[in-house]
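The next block holds one structure in the form of structure tokens; read it before the comments.
Just so we're on the same page: letters track the sequence lines, and every chain starts at 1.
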Amino acid sequence: MLKALSEKDLYEKIVELAVRRGFFWQSYEIYGGVAGFVDLGPLGSILKKNIENKWRQWFILKHQDFIVEIESPAIMPKAVLEASGHLEHFTDPIVECLRCGRKFRADHLIEDAIGKSVEGLTPHQLTEIIKENNIKCPSCSGQLSEVRTFSLLFRTTIGPYSENVGFIRPEAAQGMFVAFKRVYDSMRGRMPLGIGQIGKVGRNEISPRQGVIRLREFTIMEVEFFFDPEKPKCPFISEVENDEIRLITAENKLKGIKEPITVTIKGALEKGYIVNEWLAYFMALAQKFVRELGIPFNKQVFEDKLPHERAHYSSQTFDQLVKVSRWGWIEVAGHSYRGDYDLSRHMGFSGKDLTVYKQFSESQEVLVEEISLNHEVLERSYPEEYRKIVNAFSKRDKNIMLAELKAKGYIELAGKRLGPEFFKIAKVKKVVKGKRFIPHVVEPSFGAERLLYATLEYAYTVKNGRVILRLPRDIAPISLAVFPLVSKEPLVSIAKEIYENFKKEGLRVIYDESGNIGRRYARADEIGVPLAITVDYQTVKDNTVTIRNRDTWEQVRAPIKEAYVKIPEYLRYRLEFKDLGVPLKK
RNA sequence: GCGGCGGUCGUCUAGCCUGGACUAGGACGCCGGCCUUCCACGCCGGCAAUCCCGGGUUCAAAUCCCGGCCGCCGCACCA
């Protein structure tokens, strides 16, 4: 234990390197810092953009005819988060012990004490239950405070009126649900349709203490994928069906088994471990994407979340976990089946039609839910407003009213909130040429900063006492270093010219002539520059340079002209190092 | 938010217990120069810390005391 405390762990080494070389550091340092916020430095911001671009390749560009990217605001009006359920569910009821000061989740505490579910009760009701049952602090038996709520949402106000409350979004998803109809229309009614977004989100964590791993403001990369629930098949599943993934199944978790099983995507679908093909497809892509960041398959696992562990909107969620040194398995992505929860809620709360229409090839008989008024109950309860209500009902869209009833538990007509008892819902057979439906949604959602950290951790290696960041060469923030062997003419001029030419090719390049060649290689290795070109005296004679491999320290010699063409190919993994030139004898 | 421990150049650290000789020392790094024909070489010079912030005790505070901030560990929390 003492040894563990005195020796630096990998996390500390990464943080030290990150701070020193400009990947990331704690924000607001000169004012003492604030927990849960980081700045990305010059190298970190490039690395993050490269990770984002790789995500883009895997999730957007690969499917660009039907998955598109948008940007929506980080600040949301209250109404959106009311509809999404975050205002209600993103809040924890908390009680404090008046004696020892410990804080507890009030609902958990009560459920433990009286063995009954108290889900959905107000803080006031919870306080009453605590009093009635004389529940005390489980730690010191002290008196408990009133129950209050702690919201993980960052609150602000919009404009000059303080009653106009807004929040920083806790996920990018809601912006995409709210904009669904616009995107759907601009994509000319494409179904299935994916909407992706990369953006900052905020969650006001109570006590984030895991550096870059647990942030109050971070970047999410997510796709909301909308499809017809009657056509849940993914046409690309054959591309990935033989891929193996490691799954911690719900079944095994309930038995207390936390070891993952290895199954093919096909097997996981057949056995019902994964409920939907699209979800499975995105999980397969997710695994490959993370693999390309340098995190091997056997350091990744998907954990099926049990109902009580899932977010309010989800009917199945897999956490995608990767192994890191200090904290073990951390979640880098969530893969959720959100069903029609979000669109239904927004339809009910906004009163806007968010269904899509599909036409049948020929008329079909379908079962349709139809809502009508329960006139008897209505007339008895509201004899005076009866006619007004009937009138209002007749003017409204019946599908939207159905959604409103499901989302809110009531429909507002002529100023009255009418619960389900005022309506009749019948399933009727109809012969129609098409129908409207609410798309279902599957969501792969990644945390960019966690991926960035994990990427650094897997890249970090030590060779001969020197640090080498073995970043995948297509995401390394700097692609190439150019050095004169010694800082003398004409080597310097030649090296600078080569440096300029690579910059013109659009590469991120560094030029360095300080110190000696060994030191320059070492500095480049430490920030993960995959290749280094060195101009030596032979360059003066025959226009060849040496190219050095960061990972092996091997060198090849090649004509400069060839290097301009081949190095970009190497960086895209289209060439291997040996293809760059002839091996150099030591 | 509670409890324990900690916070000194960019990084790692010496000093703190036992207040004064500290103008806060070193190493690495970084910058400039010399040297150098391939892996943190050598030499010279330089940059860099009002010792986390604020208050107190004292003739005197990096050092002792109190509060705050931040970090680590444990508890709680983590849709």
Side-chain angles (χ1 to χ4, degrees), chain A residues 1 4-5 8-9 11-13 15-22 25-37 81 84-97 99-106 108-109 137-140 145 150-153 170-171 203-211 213-216 305 308-314 317 326 330-331 334 336 463-468 483-488 491 513-526 532-540 545-548 550 553-555 557 584-586:
Chain A
M1 191 63 197
L5 284 175
K8 270 193 201 170
D9 69 4
Y11 171 78
E12 275 177 283
K13 288 177 186 165
V15 170
E16 189 210 304
L17 177 68
V19 170
R20 192 160 43 80
R21 300 307 305 268
W25 53 78
Q26 194 181 24
S27 300
Y28 313 114
E29 270 182 317
I30 65 166
Y31 288 101
V34 183
F37 299 92
L81 293 163
S84 72
H86 283 88
L87 222 48
E88 183 187 343
H89 295 284
F90 213 58
T91 305
D92 294 334
I94 285 184
V95 271
E96 189 173 356
C97 171
R99 189 197 291 173
C100 71
R102 282 177 218 274
K103 293 196 174 181
F104 304 93
R105 276 284 293 268
H108 293 180
L109 191 70
C137 171
S139 177
C140 76
S145 71
F150 180 80
S151 176
L152 265 26
L153 294 170
E171 55 171 11
R203 301 177 182 187
N204 199 3
E205 303 285 352
I206 297 170
S207 176
R209 288 198 296 196
Q210 291 160 295
I213 300 298
R214 188 141 161 246
L215 297 171
R216 288 184 166 125
K305 305 307 277 183
H308 70 274
E309 299 171 323
R310 288 198 294 257
H312 57 274
Y313 48 69
S314 167
T317 294
R326 182 179 284 191
I330 60 162
E331 181 192 345
S336 295
K463 181 174 181 176
N464 297 359
R466 286 171 24 179
V467 173
I468 306 178
F483 308 134
L485 181 59
V486 291
S487 47
K488 283 193 171 161
L491 305 189
E513 58 171 76
S514 81
N516 61 65
I517 191 71
R519 179 179 299 249
R520 301 195 293 247
Y521 286 144
R523 278 197 287 248
D525 286 346
E526 197 183 37
I533 282 183
T534 300
V535 171
D536 58 15
Y537 286 100
Q538 197 174 328
T539 312
V540 183
V545 290
T546 66
I547 306 171
R548 172 185 178 272
R550 172 196 69 198
W553 298 357
E554 289 169 319
Q555 287 182 295
R557 181 170 284 281
L584 195 75
K585 293 252 160 55
K586 285 217 165 179

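One C1' atom belongs to rG25(B), the other to rC16(B), and the distance between them is 15 Å to the nearest Å. Comparing the C1' positions of rA48(B) and rG6(B) gives an interatomic distance of 24 Å, to the nearest angstrom. Taking the C1' atoms as reference points, rC5(B) lies 27 Å from rA27(B), given to the whole Å. For the C1' atoms, the distance from rA40(B) to rC28(B) is 10 Å, rounded to whole Å. Comparing the C1' positions of rC66(B) and rU58(B) gives an interatomic distance of 16 Å, to the nearest angstrom. Remark: the separation of the P atoms in rG54(B) and rC12(B) is 23 Å, to the nearest Å. Rounded to a whole angstrom, the distance from the P atom of rG71(B) to that of rG29(B) is 30 Å. Across rG10(B) and rU57(B), the matching C1' atoms stand 35 Å from one another, rounded to whole Å.
Residues satisfying the ring-ring contact (aromatic ring centres under 6.0 Å, His included) criterion with Y313(A), sequence neighbours excluded, are absent altogether.
In summary, of the residues considered (R21(A), R550(A), K463(A)), a salt bridge (charged side-chain N to carboxylate O under 4.0 Å, His left out) with E526(A) occurs for R21(A) alone.
One interatomic measurement links the two molecules: CG of L215(A) to P of rG71(B), which rounds to 11 Å at whole-angstrom precision. Atom C1' of nucleotide rC12(B) and atom NZ of K13(A) are separated by 13 Å, given to the nearest angstrom. Look at OH on Y28(A): it is 13 Å from P on rC70(B), rounded to the nearest Å. E12(A) places its CD atom 8 Å from the C1' atom of rC72(B), with the value rounded to the nearest Å. With rounding to whole Å, I547(A) atom CD1 is found 17 Å from rC39(B) atom C1'. Atom pair R20(A):CZ and rU13(B):P shows a separation of 13 Å (rounding to whole Å applied). Rounded to a whole Å, the CD1 atom of I213(A) is 14 Å from the P atom of rG71(B). Atom-to-atom, CZ of F37(A) to C1' of rC69(B) comes out at 15 Å; the value is rounded to the nearest Å.
Comparing rC72(B), rC39(B), rA40(B) by their nearest atom to the side chain of Y11(A) picks out rC72(B). Residue E16(A) places its side chain closer to rU11(B) than to any other of rC72(B), rU11(B), rC39(B). For R466(A), the listed nucleotide lying nearest its side chain is rA40(B); candidates were rG71(B), rC72(B), rA40(B). For Q555(A), the listed nucleotide lying nearest its side chain is rC39(B); candidates were rC39(B), rG10(B), rC72(B).
Judged by the 6.0 Å and 45° rule, R466(A) forms a cation-pi pair with W553(A).
At the heavy-atom level, R216(A) lies nowhere under 4.0 Å from the strands shown. Looking at heavy-atom distances under 4.0 Å, S314(A) makes no contact with the nucleic acid at all. Looking at heavy-atom distances under 4.0 Å, R310(A) makes contact with sugar-phosphate atoms alone, never a base. Within 4.0 Å (heavy atoms only), F483(A) reaches no atom of the nucleic acid at all.
Taking 4.5 Å as the limit, every side-chain heavy atom of E12(A) sits out of range of all side-chain heavy atoms of E16(A). Within the 4.5 Å cutoff, the side chain of F37(A) has no heavy atoms near those of the Q26(A) side chain. For the pair R523(A)/S514(A), a side-chain contact is recorded, criterion being any heavy-atom separation below 4.5 Å from C-beta on. For the pair I517(A)/F483(A), a side-chain contact is recorded, criterion being any heavy-atom separation below 4.5 Å from C-beta on.
For the residue pair T539(A) and R557(A), no side-chain donor N or O sits within less than 3.5 Å of a side-chain acceptor on the partner.
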*Stepwise, does the salt bridge (charged side-chain N to carboxylate O under 4.0 Å, His left out) test hold for R520(A) with E513(A)?*
CA-CA 8 Å; R520(A) 301 195 293 247; E513(A) 58 171 76; over 6 Å; no
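Looking at every heavy atom in both residues, A532(A) comes nearest to Y521(A) through CB-CE2, 3.8 Å.
When both distances must be under 3.5 Å, the Watson-Crick or G-U wobble mate of rU23(B) does not exist. Base-pair partner of rG6(B): rC70(B) (Watson-Crick or G-U wobble, both distances under 3.5 Å). Across all strands shown, rA60(B) remains unpaired; no Watson-Crick or G-U wobble contact has both distances below 3.5 Å. Under the Watson-Crick or G-U wobble criterion, with both distances below 3.5 Å, rA49(B) has no partner in any strand shown. Summarising the base pairing, rU18(B) is matched to no nucleotide, lacking a Watson-Crick or G-U wobble pair whose two defining distances lie under 3.5 Å. Searching all strands for a Watson-Crick or G-U wobble partner of rC34(B) with both distances below 3.5 Å returns rG42(B).
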_Protein within reach of the bases, or only the backbone? For nucleotides 30-37 of chain B, mark each nucleotide 5' to 3' as B, S or -, using heavy atoms under 4.0 Å._
S-----BB
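Between the base of rC39(B) and the side chain of R550(A) there is no donor-acceptor pair shorter than 3.5 Å.
Taking the nucleotide of RNA chain B with the nearest heavy atom to each of E29(A) and R557(A), the more 5' of the two is matched to E29(A).
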